[in-house]
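Note that the structure is predicted; figures quoted are calculated from it, not measured. Heavy-atom basis, side chains included; hydrogens, waters and symmetry copies ignored.
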Amino acid sequence: MMSFIARSSGFSTYLKATSQAVASQVQPIVPPVVLSSEKAFPSFPDKHKSHYSLAQSLPKHELFAQSGGIGVPAQIRLAHTDIKVPDFTEYRRNSVKDPCKSSLNTDESRKMFSYLLVAGGSVGATYGAKSLVTQFISTMSASADVLALAKIEIKLSDIPEGKNMTFKWRGKPLFIRHRAAEEIEREGSVDLSTLRDPQHDRERAQNPEWLVLVGVCTHLGCVPIANAGDYGGYYCPCHGSHYDASGRIRKGPAPLNLEIPYYEFTDDTTLVVG
């Protein structure tokens with residue numbers, strides 16, 4: 001029993017000694033608080049200097065201690081003071097070396113170079129846009145074979161009286177009719193109130209003897225037959241439209257008269273269409 005008590009007392013003493021020994025080695029951890037550069041470096045006369053200026057004027061051993069050297073607890077680290085900044089002064093233009101002057105005040109030669117560069121680029125862009133627009137518009141113009149038929153010259157002496165001849169003009173059939181005197185009289189006496197598309201014969205023929213028409217039906221684009229139909233003019237076999245000898249619609253589904261192109265007489269025997 002006595003031996004157990006002695007052992008217990010010895011164990012308690014060991015625990016107490018061990019706790020005191022461990023506690024004596026622990027240092028209180030209190031983070032340093034630096035409020036300003038004046039507290040960190042109280043010897044500096046000018047507290048408004050930049051970090052880089054402060055680092056340049058600080059002795060090396062103090063700078064090393066403040067930035068946290070070996071065996072020295074770190075208290076403060078100034079930004080960029082432990083990094084060597086490259087010096088690009090020799091690569092800069094003379095007009096921008098002075099930090100107190102605005103960089104907008106560059107040399108006149110560089111301004112002139114910039115102006116010339118912008119002007120040259122503008123001229124090149126304008127020329128390129130012009131070429132692009134010209135090529136785009138040219139793709140929508142008529143082909144060479146169509147332009148070749150833009151105008152057609154017809155010898156009227158080759159068409160006998162009372163006959164109709166068909167020519168190709170701009171990819172369409174062109175009717176040239178040499179009308180007889182009775183046809184001219186008959187078409188000129190038609191009552192305009194009976195016509196679907198009222199037009200007098202004088203409005204459709206510059207020379208009453210010659211009738212010039214585009215041979216395309218105004219209904220759905222078929223080609224009428226000359227000297228046919230109920231009115232002795234033109235007849236469309238597709239849907240039964242009847243035109244008279246003046247090319248006016250008289251019967252059938254066609255809504256308008258046959259088209260009259262632009263033409264002119266160069267002389268008594270020559271007709272130019274287009």
Next item on the list: Give, for atom CD1 of I154 and atom CD1 of I159, the distance between the pair rounded to the nearest 0.5 Å.
Entry: 6.5 Å
Checklist line | Distance (rounded to the nearest 0.5 Å) between T166 OG1 and K172 NZ | finding: 15.0 Å
Checklist line | Closest non-hydrogen atom pair between R186 and A245, with its separation | finding: NH2-CB, 4.0 Å
Next item on the list: Starting at CD1 of I176, measure out to CG of N164 and round the result to the nearest 0.5 Å.
Entry: 8.0 Å
Check: Are F175 and Y234 an aromatic pair by the rule of ring centers under 6.0 Å?
Finding: yes
Item checked: Check: P261 and W169 side chains under 4.5 Å, non-hydrogen atoms -> yes
Notebook entry, point to check: So does R196 have more than 12 non-hydrogen atoms from other groups sitting under 6.0 Å from CZ?
Noted result: yes
Check: Are D191 and T194 close enough that a side-chain donor and a side-chain acceptor fall under 3.5 Å?
Finding: no
Note to self: Return the NE2 to CG distance between H239 and L220, rounded to the nearest 0.5 Å.
What the structure shows: 5.0 Å
Check: More than 12 heavy atoms of other residues, nucleotides or ligands under 6.0 Å from CG of D268: is that the case?
Finding: no
Note to self: Would L271 and V212 count as a side chain to side chain contact (heavy atoms under 4.5 Å, CB included) here? Give the steps.
What the structure shows: CA-CA 10 Å; L271 174 70; V212 183; 3.7 Å; yes
Check: Are I184 and L156 in one and the same hydrophobic cluster, where Ile, Leu, Val, Met, Phe, Trp and Tyr link if side-chain heavy atoms are under 4.5 Å apart?
Finding: no
Item checked: Non-hydrogen atoms of G221 and V216 that approach each other most closely -> CA-CG1, 3.6 Å
Check: Between Y263 and F265, what is the ring plane arrangement, given parallel below 30°, perpendicular above 60°, and tilted in between?
Finding: perpendicular
Next item on the list: Decide yes or no for Y243 and T218: does some side-chain heavy atom of the first lie under 4.5 Å from some side-chain heavy atom of the second?
Entry: yes
Margin query: Could you tell me if the side chain of V273 sits less than 4.5 Å from the side chain of K151, heavy atoms only?
Written below: no
Next item on the list: Begin from the C-alpha positions of R179 and E209 and carry the test side chain to side chain contact (heavy atoms under 4.5 Å, CB included) through to its verdict.
Entry: CA-CA 5 Å; R179 299 193 298 181; E209 190 176 352; 5.8 Å; no
Item checked: Heavy atoms of other groups near E185 CD, more than 12 under 6.0 Å -> no
Notebook entry, point to check: Tell me, do K251 and D230 make a side-chain contact under 4.5 Å, heavy atoms counted?
Noted result: yes
Next item on the list: Dump the intermediate steps for side chain to side chain contact (heavy atoms under 4.5 Å, CB included) on D201 and E183, then the final yes or no.
Entry: CA-CA 11 Å; D201 185 66; E183 289 181 327; over 6 Å; no
Checklist line | Backbone N/O of T266 and side chain of T270: donor-acceptor pair under 3.5 Å | finding: no
Notebook entry, point to check: How are the rings of H242 and Y231 set to each other: parallel, tilted or perpendicular (split at 30° and 60°)?
Noted result: perpendicular
Margin query: Looking only at the side chains, is there a donor atom on one of D244 and S246 sitting less than 3.5 Å from an acceptor on the other?
Written below: no
Item checked: C238 and C222 SG atoms less than 2.5 angstrom apart -> yes
Notebook entry, point to check: Side chains of H178 and E161: closer than 4.5 Å at any heavy-atom pair?
Noted result: yes
Next item on the list: Return the minimal non-hydrogen interatomic distance between A254 and S241, and the atom names on each side.
Entry: N-OG, 3.2 Å
Next item on the list: Please test I249 against L256 for side chain to side chain contact (heavy atoms under 4.5 Å, CB included), starting from the C-alpha separation and ending with a verdict.
Entry: CA-CA 6 Å; I249 181 65; L256 300 173; 5.9 Å; no
Checklist line | Atom pair CG (N257) and CZ (R204), whose distance is rounded to the nearest 0.5 Å | finding: 4.5 Å
Next item on the list: May I ask you to check whether R177 and N227 show a side-chain donor-acceptor distance below 3.5 Å?
Entry: yes
Check: Does the side chain of S122 come within less than 4.5 Å of V118's, by heavy atoms?
Finding: yes
Next item on the list: Please round to the nearest 0.5 Å and tell me the distance separating atom NE2 of H200 and atom CG of L195.
Entry: 10.0 Å
Item checked: N-O pairing of D197 and R248 below 4.0 Å -> no
Note to self: Just so I know, are the side chains of V214 and L258 near enough to count as touching, which here means a heavy-atom distance under 4.5 Å?
What the structure shows: no
